[in-house]
Amino acid sequence: MNYWLMKSEPDAFSFEDLKARPKQTEPWDGVRNYQARNFMRDAMKVGDPILFYHSNTNPPGVVGIAQVASEPYPDPTAFDKKSKYHDPKSDPVKPRWILVDVAFKADLKRLVSLDEMKTMPELSEMRALQRGNRLSITPVTKDEFQAIKKAGMRKAPGT
DNA sequence: GCCAACGTTGGC
DNA sequence: GCCAACGTTGGC
């Protein structure tokens, strides 16, 4: 089992949006970065836990727990000329972009902010926190995952 | 294969 | 809105 952190801008698609989906599941479309694609294509397994992270918001941070909900399959938005994610270099015969479905798993009692994560000794090596990292999908270790989940299940930071 | 130009991400 | 970081593109 692998653990993941996946970023989303809440203005575009939030954790609340995921919960509000009829089956609480959403295809993670629009990823146009090869490293992030490779994680979905090669390393994710159905049931892998995901830290759902809100970026480009105030404050940024982990807002909830999701999980991988499908095998990898081609990103249909790449073939859709009307989609903002359209990529003429991807075609159904030889798809370039691959995604998985992501499903709601559990709420946290509160947001675990980026600021707070930076203070947590368990997260000092965490890939998503490294300087300059912009990957929208990164692996996290089991210990990192559990430290963040535990913090999010407490009512207030540090208590 | 190099690298300058350009585009995007995301914290602030 | 700014800008550092970094990925991609394309000329050579």
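Note that this is a predicted model, so its numbers are computed, not measured.
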| Tell me: CD of Glu9(A) to P of dT9(B), nearest whole Å? | 7 Å
| said: Expressed as a whole number of angstroms, how long is the span from Lys118(A):NZ to dG11(B):C1'? | reply: 7 Å
| request: May I have the distance from Glu116(A) (atom CD) to dG11(B) (atom C1'), rounded to whole angstrom? | output: 17 Å
| 5'-most contact on DNA chain C: Asn56(A) or Asn133(A), nearest heavy atom basis? | Asn56(A)
| Can you check whether Lys7(A) has a side-chain N or O nearer than 4.0 Å to OP1 or OP2 of dT9(B)? | no
| Given the rule that I, L, V, M, F, W and Y join up when any side-chain heavy atoms are under 4.5 Å apart, are Val46(A) and Tyr3(A) in one cluster? | no
| said: Is the phosphate of dG11(B) approached by Tyr53(A) (side-chain N or O, under 4.0 Å from OP1 or OP2)? | reply: yes
| request: Take the protein atom CG of Asp87(A) and the nucleotide atom C1' of dG7(C), then report the distance between them rounded to whole Å. | output: 14 Å
| message | Checking contacts here: which listed nucleotide (dT8(C), dG11(B), dG10(C)) is nearest the side-chain heavy atoms of Tyr34(A)? | response | dT8(C)
| request: Please state how far atom CG in Asp115(A) lies from atom P in dC12(B), giving the value in whole angstrom units. | output: 6 Å
| query | Could you give the CD-to-C1' distance, from Gln130(A) to dG10(B), as a whole number of Å? | reply | 16 Å
| task | Figure out the CZ/C1' separation between Arg134(A) and dT9(B), and round it to whole Å. | result | 5 Å
| remark: dist Ser136(A):OG -> Gln35(A):CD (nearest 0.5 Å) comes out at 10.0 Å
| Between atom CG in Asn33(A) and atom P in dG7(B), what is the gap in whole Å? | 18 Å
| query | How many angstroms lie between atom CD1 of Ile98(A) and atom OH of Tyr73(A), to the nearest 0.5 angstrom? | reply | 10.5 Å
| query | What about Arg32(A): does its side chain form a donor-acceptor pair under 3.5 Å with the base of dT8(B)? | reply | no
| request: Answer with yes or no whether the hydrophobic clustering places Leu129(A) together with Ile137(A); edges join I, L, V, M, F, W, Y residues whose side-chain heavy atoms lie under 4.5 Å apart. | output: no
| remark: Ranking dG7(C), dG11(B), dG10(B) by distance to the side chain of Gln35(A), first place goes to dG7(C)
